[in-house]
Structure formats: C-alpha cells, structure tokens
**Student:** 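Encoded as structure tokens, here's the structure I'll be asking about.
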Number of protein chains: 2
Amino acid sequence: MAKNTATASRAQRSTGDATRQPTRRERRTLRQEAAVNAAFTLAEREGVAGLTMRRLGQELNVDAAVLYRLFRDKDELLLAVCERTIETIVTEVGEVPGDESWQDTLRRIAEATWQVQTRFPAITTLTFARTTGGPFEARLVELQLATLARSGLAPDQAVLYYRTFVDTSLGLCAHSAALSSLDPEVQEKDATAWTRIYAHLPADEYPATRAHIDHLGSVSRKLLYDTTMEAVISAIERAAAAA
Amino acid sequence: MAKNTATASRAQRSTGDATRQPTRRERRTLRQEAAVNAAFTLAEREGVAGLTMRRLGQELNVDAAVLYRLFRDKDELLLAVCERTIETIVTEVGEVPGDESWQDTLRRIAEATWQVQTRFPAITTLTFARTTGGPFEARLVELQLATLARSGLAPDQAVLYYRTFVDTSLGLCAHSAALSSLDPEVQEKDATAWTRIYAHLPADEYPATRAHIDHLGSVSRKLLYDTTMEAVISAIERAAAAA
DNA sequence: CAGAAATGACAACACCGTTGACATCAGTGT
DNA sequence: ACACTGATGTCAACGGTGTTGTCATTTCTG
C-alpha cells in the first residue's frame, strides 16, 4: 500500500497537478533549492565570509542544525550552489544556432561564463575549483566538446584545447571574482597601487615601469579576459589548420 | 646619545659584523621572517585550513598573541608571505641573458611562476589575488614590462598584453593550486570523475563526451598551462608584428 | 488510531581570529 | 647602581565558526 501511494503521488507530480500537496521527497528538494537560493543572495550581500550556516539558517528563519538534514555538510551545500551556477551559465548560453561557427560558440560560452562570474563573484570564489558531477555540468561539457570537435581537431587535440579553453576561462574568471570579493578597503588599496606606489619608484631603477605608468591603471578586466580568450581561440584555429 | 647608539648599531649591521648582537628593530624583522618561514612549512604540511595563528604560534614555540606584535593581523602576515613568494619567483627567474629573446624571457617567467606554485600550492591559494606593493613585486613588474617593451609594442598595447600575460599565468596557477589544496579524498573524487560519471552517460545524449572519453583523463595541468602561455605569447607576437 | 518518520529548537564541543590584562626581563638615562 | 621604559611572553576571554547530539513536537502512514 505504501508503495502504491508513493508511486501514485510521484506519477501525479509528473502530471503537474498543482492542487496535490507535494511528497516528502519533493518537499525536501524544494527546501534544498530554497537553501541554495538563499545562499546566493546571502553570499552576494554579505561577502564570502558572510555565508555561514548560522546566517543561512537565519535567512530561512530556521535553526542552522536543520540545514544538516538537507546537506551532509557545508561542502555539499557549496557543491549544490556550484551546480546551480553551472545551470545559470547553461541558461545564459541559450540555444546555439545551427549555422554558428565553432569560434562564435566558444565566444558565446566564454561570454556567458564571464557574465555569471560578474553577477556572483562571491559564489564564484567559493566554488570555482570544484567538480559537481551534476547534470548541468555534464551538459556544458558535452556542448564544449561538441563545439571543439567541429573545429576538425583529432580527439586527443580537441580534448587538450577543450581543457585549455575551460581552465583559462575559469582561472581568469576566478581571479576577477577573487578581486571583487576582497574587503572594499583592500580593493581600493589594490586599485590605487599603481599611482600610489609604482609612480614613485626611482626612474633609474624602474625605467620600464615609469615608461608605462600612465597606462597601467586603465586596463579593464573584461578587455583582458576577451584578449586572452581570443588568443586561445586563435591557437585552436592554428592547431586545426595544421591538422 | 640614544640616537647615536642607534645610528652606530645600524651602521654596524651594514658592515656585517656578526659578533655584535642585533638591534631591536633587527630582532623584530628576524622574528617576522621566522614567522613567514614557519607559515610556509605549516601551510604546506597541514593544508590551507591548517595555517592558523594558534598553530603557527605552536610551530614557533610561542603563544599566538605574540604574532600580533609582529603583524597587525593575519592578513598582514599573509601579505608578508605573499611578498616572500614573489621573492622566490624572482630568484627562480634568475639572471636574464642579454641576448635572450623577449619570448624566451616570458617563457622563463611563466616557468618560474609555475614551479613556485607547484612547490607551495596552499600558499598560492591563500595569496594569489593579493597585491603586496613590496620591493620584489616591483622588481618583477619592472622585468615583465621591460620584456614586453622589447617586443616593440606601443606602451598602451604593451601594458594590455603585460596584464594579459600576468593574469592568465596567475589564474591558471591559482586554479591548479586550488585543486592541489583540496582534501585528498575530494581530490581523488574529482580526478576519477571522468571515468566514474562521464563514461556512463547515455551515448545518444552525450555523443561528444563519449567520443572523447578516452583522452579526457590524460591531460596534465602543466601541458595545459604551457599550451595557454604559448597561445598568449603568439598573440603578443602577432600584435607586435601588426604594429 | 497508534506508531514511525520527519522536523525544529537548543545546548554543547572544539576551534578560529583577536584583544586586554598582567608578569617578566633587557636595555637605557641619570 | 638604580629607577624606568619598552619589549616580550602567558593567560583568559569574547564573539564567531562548523558540527553533533538530545529532546519535544508535528506530520504522515500502516
């Protein structure tokens, strides 16, 4: 009997009957998603150090111990947050037109990754080096490998340049996110370091620094990112042409 | 009179008379350097989370409170550690032969950065996004700008590609270091994810992943790093040729 | 309707960064 | 030689962290 009702309500869920109250299991995942949502808003509002289990509980009007019934520990919560981030990237990438060149598809992915990093720097800092093994991660990997394959590279080369592309993008996004996640005062100090410190170095010992001092402060992180990703795409083009 | 003795002992220090006991100020910097040294060994032995003020004090056979007389807070200690890391990189770069091409000098710098990151992944993870404003950082910036200038790029372009080079190198090194700094069990999980998860995806929905599965596990991080840095150097070459 | 499962609140543990109070010792000026 | 000032070290404490266990209460199920 128990099995029947469970099966029934699960079948019901797939029909989308909204009047029926959700199963226990459904409630559980609903609450997990609520926790992930709250983690996003909390981390971006309070910074990297502000995302603690107690404050997350506060955000959900619930004791922190409850979170340990939804996630084994904080790390598992972060993995769920990470998977959600990847989902956001996949959504941001959207549909790839059939006639789009593989170069433009890579550009589209790089742009989506950057946009998401810009929107959630604290989350990016906390999760950029993790692997979720979740469905959205798998979809993104598939899209990237399929795109690289379109360049005509042999499988081993395609994999090499896939990882080059991904890790370069991730590394730069994480770097930018880490800078955005520092204390505002430290951030200000770093930003003005060029004019505060480097402009006053002795010109005889630091001629190159002096010669370039006017331009050092005015390179935007986005321009830098685009320049690097174009360099990687060019490298892939040349490797594909050689094959 | 007080001033005279102070001046005397400082002059003495510069003469290198080892029999004389050090000034208070010298003792202070000696202890600071000892703390930085201990921070390195402790962080690499116990991991990122193992570098705490209390344990660092233990390592030095001293109460943790003493450290707050050497550094204002943990962040200032980390900045000192970071400057020391840069010093290590500068040392690793060594003397640049006068007839070396600017490309090879960039390769030399990239290699040194990678080597140091490999040696101290935990420290790299803790400090990669910081700016010290210290003397070794200034020297490294000067060397890199001077090298970029040798390519013949105009100052604004030289600065753009200098930052592209640096941030790409730093981002990739930090990414690698972060992976090396995860719990060994998590690290193992991530490393085997390709065969554990991706090899069992349905082939009809994930054809590209399936087609490349044999190669996915066998890309070394160093090869990936070298590939990216060569891509950046090629981009600089093309930009220089266009100018 | 009784029993089992889920949920929630609370206290507690060990550890963290950081600060303040106090004792001790070394070096200096008179 | 002595008093004194400043550096050094020890200890306890504060508020915070991740995490676990206990216990009551609610909710679902057989």
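Quantities reported herein were computed from a predicted structural model and do not represent experimental measurements. Letters go in sequence order (proteins before strands), and every chain restarts at 1.
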**Student:** What is the separation between atom CG on L77(A) and atom C1' on dT17(D), rounded to the nearest whole Å?
**Tutor:**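 It works out to 15 Å between those atoms.
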
**Student:** For L67(A) and dC10(C), give me the distance from atom CG to atom C1', rounded to whole Å.
**Tutor:**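 It works out to 15 Å between those atoms.
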
**Student:** Rounded to the nearest Å, what distance is computed from the CZ atom of residue F71(A) to the P atom of nucleotide dT20(D)?
**Tutor:**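 About 15 Å, once rounded to whole Å.
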
**Student:** Which residue lies toward the 5' end of DNA chain D, L51(A) or R28(B), if each is placed at its nearest nucleotide?
**Tutor:**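 Looking at DNA chain D, the more 5' nearest nucleotide goes with R28(B).
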
**Student:** Rounded to the nearest angstrom, tell me the gap between atom CZ in R72(B) and atom P in dG17(C).
**Tutor:**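 So the two atoms are 16 Å apart, to the nearest Å.
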
**Student:** Atom OH of Y68(B) to atom P of dG20(C): distance rounded to whole Å?
**Tutor:**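 Interatomic distance, OH of Y68(B) to P of dG20(C): 13 Å.
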
**Student:** Go through dT19(C), dG18(D), dG8(C) for me and flag the one nearest to the A65(B) side chain.
**Tutor:**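 Given the options dT19(C), dG18(D), dG8(C), the side chain of A65(B) is closest to dT19(C).
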
**Student:** Has R210(A) got more than 12 heavy atoms of other residues, nucleotides or ligands less than 6.0 Å from its CZ?
**Tutor:**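 Count over threshold, so yes.
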
**Student:** Report the nucleotide, chosen from dT19(D), dC11(D), dT18(C), that has the shortest atom-to-atom distance to any side-chain atom of D63(B).
**Tutor:**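 Looking only at heavy atoms from C-beta outward on D63(B), the closest nucleotide is dC11(D).
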
**Student:** Scan residues 56-69 of chain B for pairs that pass side chain to side chain donor-acceptor pair (under 3.5 Å), counting only residues two or more places apart or in two chains.
**Tutor:**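 For residues 56-69 of chain B: R45(B)-E59(B).
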
**Student:** Looking at the side chain of R31(A), which of dG18(D), dT7(C), dT18(C) is the nearest nucleotide?
**Tutor:**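 The closest nucleotide is dT7(C).
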
**Student:** Does R69(A) reach a base, just sugar-phosphate, or nothing at all? Heavy atoms under 4.0 Å.
**Tutor:**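 Base: the residue R69(A), judged by heavy atoms under 4.0 Å, touches a nucleobase.
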
**Student:** E92(B) and side-chain hydrogen bond (donor to acceptor under 3.5 Å, both in side chains): which single residue from R108(B), R119(B), Q115(B) fits?
**Tutor:**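 Only match with E92(B) under side-chain hydrogen bond (donor to acceptor under 3.5 Å, both in side chains): R119(B).
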
**Student:** Using whole Å, report how far CG of L56(B) lies from P of dT18(C).
**Tutor:**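 Result: 12 Å.
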
**Student:** Looking at K74(B), I want to see if its NZ is surrounded by more than 12 non-hydrogen atoms of other residues, nucleotides or ligands under 6.0 Å.
**Tutor:**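 More than 12 within 6.0 Å, yes.
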
**Student:** Whole angstrom is fine here: how far is it from CE in M53(A) over to C1' in dA14(C)?
**Tutor:**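 Value for this atom pair: 17 Å.
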
**Student:** For a quick test of reading the model, state the closest non-hydrogen atom pair linking A39(A) to V81(A) and the distance between them.
**Tutor:**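 The pair with the smallest heavy-atom distance is CB-CG2, 3.9 Å.
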
**Student:** Nearest to the side chain of R55(A) - dT17(D), dT18(C), dT19(D)?
**Tutor:**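 Looking only at side-chain atoms, R55(A) lies closest to dT17(D).
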
**Student:** Between D73(A) and R54(B), name the one whose nearest nucleotide on DNA chain D is closer to the 5' end.
**Tutor:**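 Going by which nucleotide is closer to the 5' end, it is R54(B).
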
**Student:** Rounded to the nearest Å, what distance is computed from the NZ atom of residue K74(A) to the P atom of nucleotide dT19(D)?
**Tutor:**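 Atom-to-atom, K74(A) to dT19(D), this comes out as 8 Å.
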
